[in-house]
Every structure is written in C-alpha cells, then in structure tokens.
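Residue numbers start at 1 and run along the sequence shown. Just so it is clear, the values below take in all heavy atoms, side chains as well, and ignore hydrogens, waters and symmetry mates.
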Amino acid sequence: MLSLHTFLKALVSVSEDLAAGNLKSLSGRVTQDCITQLSLNFHKLSLKQKSGLKVALSDIFFSFPYQLGIIFQPQGEGKVERMFVEITMCYHIFRGFEEYIQDKEDIRDNSFIHQKTDVYNDSDRIAIANYRFIREFTKGVNDDWTINIINHFKPGQAVEGN
C-alpha cells in the first residue's frame, strides 16, 4: 500500500546519498536521465550546498502531493497502451525544526506564531525540495516508484539575492 510516508522515506534516503556525492548509488531509485542531470550540476555546488542537500525526517515539517499526472503512450495497432502515473511531491524543510519548537516556552498558547522573531531571519535553515515520482501502471507490468526529477532550493536565498 502506498502512503505519504513512503515518499518521505525516499526523500531522506536519496538526499543522504546525494549530499555524500554517491550518485551511482541512486540507480534503481532515480532514473538514469535524472542521474545524468545531477552529475552535470553537482560539481557546481559548494561543499556547504552539497551537505545542505541531506534531509532528516524530523526536519520535514510539511509535505504534500503537488501534482498528479497520468500519461498514456500509444504503442501502435494491436499493442497495449502503456500507462504511467507521476506524482510531484513538495517538501518543506526546516533544519532543527523540532528543537526550534521545543525552545519556544509559550508554545501552548501558540503565541510564538505571532512573535516578531521571524523564523525567516535564519533563512539558511529553510529549504524546499520537489521530487517527481513515476511508475508504470500498464496492465501486466510490475513496476516500482522511481524519481525522475529532483529539485532542492532555499527560498531565502532568492529573497536575499544570493
């Protein structure tokens, strides 16, 4: 049975290997086209950016399926049409999220939400990851979910102009 937790575990596992530069170990979980794109761009990242790709499960404070797509590929006359499903997952990441919440003394009345100590002041802790998963659902085909797009970014850097 498919659950959102399956997609969360995939992000954690893949991001750990990605941060360590183990691109070859992504094979089977990530499409070859995606690995090729990652290898073309990975060397451009600084050491800090590379290590920032690693995501801990406890740092994911919000995730949701952003987009669902169904793709039909006609195979010609008399052949079974292939069908694929794509799910784009969006993950909101706040490094040290649990510690941040625990440090707030007045969490019970939720007044920390309205404080002027804006969480975005430490924008280096906030990231968004988008992973697109694909699976073939053609009758008679037994396939697994595979990632075909990986995108990590820090929205605070766009605001700061970095």
Side-chain angles (χ1 to χ4, degrees), residues 2-76 79-100 119-138 140-162:
L2 180 66
S3 72
L4 288 178
H5 191 70
T6 303
F7 293 119
L8 291 171
K9 290 190 319 186
L11 167 68
V12 171
S13 171
V14 168
S15 71
E16 184 175 344
D17 285 337
L18 189 56
N22 298 332
L23 301 182
K24 289 181 181 179
S25 69
L26 299 176
S27 185
R29 296 176 288 161
V30 177
T31 64
Q32 191 55 51
D33 287 344
C34 185
I35 293 171
T36 300
Q37 286 299 311
L38 290 169
S39 56
L40 289 173
N41 294 297
F42 188 75
H43 73 279
K44 298 176 187 175
L45 299 175
S46 69
L47 185 58
K48 181 179 178 181
Q49 289 171 320
K50 289 175 184 176
S51 65
L53 294 172
K54 184 177 178 180
V55 177
L57 188 60
S58 61
D59 292 341
I60 304 167
F61 71 92
F62 186 60
S63 66
F64 58 94
Y66 170 73
Q67 189 173 39
L68 176 67
I70 300 174
I71 303 162
F72 293 98
Q73 285 184 347
Q75 297 298 303
K79 294 186 179 178
V80 176
E81 184 174 57
R82 294 178 73 190
M83 183 177 83
F84 299 85
V85 174
E86 285 186 331
I87 299 174
T88 302
M89 289 294 300
C90 181
Y91 307 95
H92 292 219
I93 302 154
F94 188 103
R95 303 207 188 285
F97 180 67
E98 287 183 353
E99 295 83 16
Y100 178 82
V119 296
Y120 293 101
N121 288 339
D122 196 3
S123 63
D124 199 44
R125 296 172 74 179
I126 299 169
I128 295 177
N130 298 302
Y131 280 41
R132 188 170 71 189
F133 296 81
I134 189 166
R135 180 176 173 194
E136 185 169 0
F137 275 89
T138 305
V141 174
N142 187 14
D143 196 18
D144 292 322
W145 288 102
T146 309
I147 299 166
N148 64 358
I149 288 183
I150 294 176
N151 172 262
H152 286 246
F153 70 97
K154 294 191 175 200
Q157 289 180 344
V159 172
E160 296 167 0
N162 292 340

Show your reasoning for whether side chain to side chain donor-acceptor pair (under 3.5 Å) applies to S13 and R29. CA-CA 10 Å; S13 171; R29 296 176 288 161; 2.5 Å; yes

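Atom CG of N22 sits about 13.0 Å away from atom OG of S27, to the nearest 0.5 Å. To the nearest 0.5 Å, atoms CZ (R95) and CZ (R125) are separated by 10.5 Å. The OG atom of S25 lies 7.5 Å from the CG atom of L23; values are rounded to the nearest 0.5 Å. Remark: H92 NE2 to D59 CG distance equals 14.5 Å, nearest 0.5 Å. Annotation: the span from D143 atom CG to E136 atom CD amounts to 6.0 Å, rounded to 0.5 Å. Atom CD1 in I70 sits 10.0 Å away from atom CD1 in I87 (nearest 0.5 Å).
For the pair I149/E86, no side-chain contact is recorded, criterion being any heavy-atom separation below 4.5 Å from C-beta on. H152 is listed as a side-chain neighbour of V55, based on a closest heavy-atom distance under 4.5 Å. Side-chain contact between T88 and P65: absent, with no pair of heavy atoms (C-beta onward) separated by less than 4.5 Å. Annotation: side chain of I126 is not in contact with side chain of I93 (no heavy-atom distance under 4.5 Å). Contact check for N151 versus Y131: no side-chain heavy atoms found under the 4.5 Å cut-off. Within the 4.5 Å cutoff, side-chain heavy atoms of L68 are placed close to those of V85.
More than 12 heavy atoms of other shown residues, nucleotides or ligands fall within 6.0 angstrom of atom NZ in K50.
Judged by distance alone, the side chain of T138 and the main-chain N or O of M83 form a donor-acceptor pair under 3.5 Å. One N or O on the side chain of Q75 and one on the backbone of Q73 form a donor-acceptor pair closer than 3.5 Å.
We find that R135 and D144 are not joined by a salt bridge, their nearest charged nitrogen and carboxylate oxygen being 4.0 Å or further apart. A salt bridge is defined here as a Lys NZ or Arg NE, NH1 or NH2 lying under 4.0 Å from an Asp or Glu carboxylate O, and K48 with D124 meets this definition.
In this structure, P155 and A127 approach most closely via the heavy-atom pair CD-CA, 4.2 Å.
With R132 as reference, N148 is the one residue of I147, T31, N148 to meet the side-chain contact (heavy atoms from CB on, under 4.5 Å) rule. Among the candidates Y91, Y66, W145, the single residue satisfying the ring pair (Phe, Tyr, Trp, His ring centres under 6.0 Å) test with F7 is W145.
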Return a table of donor-acceptor pairs under 3.5 angstrom between the side chains of residues 38-46 and protein atoms on other chains or two or more places apart.
residue: S39; atom: OG; partner: I35; partner atom: O; Å: 3.1
residue: S39; atom: OG; partner: T36; partner atom: O; Å: 2.8
residue: N41; atom: OD1; partner: K44; partner atom: NZ; Å: 3.3
residue: N41; atom: ND2; partner: Q37; partner atom: O; Å: 2.9
residue: H43; atom: ND1; partner: L40; partner atom: O; Å: 3.2
residue: S46; atom: OG; partner: Q49; partner atom: N; Å: 3.1
residue: S46; atom: OG; partner: Q49; partner atom: OE1; Å: 3.4

